[in-house]
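Each remark here refers to the structure printed beneath this line.
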Protein chains: 2
Amino acid sequence: MVDKIDVKILEVLKNNSRLSFAEIGRMINLSPSSVRERIQKLEDSQIILGYNVNLNYKLLEYDLEAFILVKVFHGKLTSFLNVLNHIEEIVEAHRIIGNQNVHLKVLLKNQIHLQELIDRLMAFGDTQTLLVLSKVK
Amino acid sequence: MVDKIDVKILEVLKNNSRLSFAEIGRMINLSPSSVRERIQKLEDSQIILGYNVNLNYKLLEYDLEAFILVKVFHGKLTSFLNVLNHIEEIVEAHRIIGNQNVHLKVLLKNQIHLQELIDRLMAFGDTQTLLVLSKVK
DNA sequence: ACTGAAATATACCGGAG
DNA sequence: CTCCGGTATATTTCAGT
């Protein structure tokens, strides 16, 4: 399904998803049309889900990043999962196995902002906040 | 520094970073050249750090995703931070505040693969693994 | 998967507001 | 200083092979 050439294309796109088909083709020795066809197939088969921009949130005045582990109260899980999608500070959410059952990645302007978010989350479960100091990788 | 129009452009790029300048311009009523100039500036000022592809790792046979919290042994932190970059299963790493001091996001093919990774990490600190069940957001 | 050719888009520069 | 046209160059797109 996904051959060696597809993997090469994906590697290139991981580094810069805005490259033209022509440029990608030059990098891996393939004609632009073939690159296009392959990327089209990768999109159609849902292997490629989308293309994102990597932003420097520090410069956008979002200085605070944190992971929040939530132990959701019994019976509150489905409503919590619904609410998540409307809280824009939550940039990623995963259900997990363990003592807590939801893992959030959140992006905030400052400590007050974090406090407000935690206040909202407390209605759904017990929270444990892991404040990010720096991105290492 | 970053005005209303820039924010609009960033919103568009968040949803699809592969759109042409012309298309972005059409969406926000700006000429292609202006879109280009603004994006160039956002890149130059390091507000835009790069463009990524969002992959469906399940279809690429990476069925297992986990977060690993590491309480690094005293004196091992710098060597651990160096090693991180050479372990390709670790897709993201953050230094955090709390009982543990490093938060990892890892991507694996299966449980054996996870076990091998944890064995390697155990040389540097105590680990707590949060296995991902599903992505909720 | 490649080629060719028409339709689009980009990059660059000069000029207007 | 930002935005917009004009144009030469490059890319995309689609047909046919």
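Only heavy atoms go into these numbers, but all of them, side chains included; no hydrogens, no water, no symmetry mates.
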Over all atoms of both residues, closest heavy-atom pair of [X] and [Y]:
| X | Y | value |
| --- | --- | --- |
| B/Leu84 | B/Ala93 | CD1-CB, 3.7 Å |
| A/Leu59 | B/Gln46 | CD1-O, 3.7 Å |
| B/Ser79 | B/Phe124 | OG-CE2, 3.9 Å |

Which is it for A/Lys8 and A/Glu11 under the salt bridge (Lys or Arg N to Asp or Glu O under 4.0 Å) test, yes or no, and what are the steps along the way? CA-CA 5 Å; A/Lys8 275 193 201 171; A/Glu11 287 301 324; over 6 Å; no
Which atoms of nucleotides 9-12 of chain D (N or O only) lie under 3.5 Å from a protein N or O atom, and what are those distances?
unit_1, atom_1, unit_2, atom_2, d
D/dT11, OP1, A/Arg26, NH2, 2.8
D/dT11, OP2, A/Arg26, NH2, 2.9
D/dT12, OP1, A/Phe21, N, 2.9
D/dT12, OP2, A/Phe21, N, 3.1
D/dT12, OP2, A/Ala22, N, 2.9

In terms of side-chain geometry, is the basic nitrogen of A/Arg38 or A/Asp6 positioned less than 4.0 Å from the acidic oxygen of its partner? yes
For B/Glu92, is there an ion pair with A/Lys105 - N to carboxylate O distance below 4.0 angstrom? yes
Sugar-phosphate means primed atoms, P, OP1 and OP2; the rest is base. With that split, encode nucleotides 2-7 of chain D 5' to 3' as B, S or - using protein heavy atoms under 4.0 Å. SBBB--
Where does the angle between the aromatic ring planes of A/Phe67 and A/His103 fall among parallel (under 30°), tilted (30 to 60°) and perpendicular (over 60°)? tilted
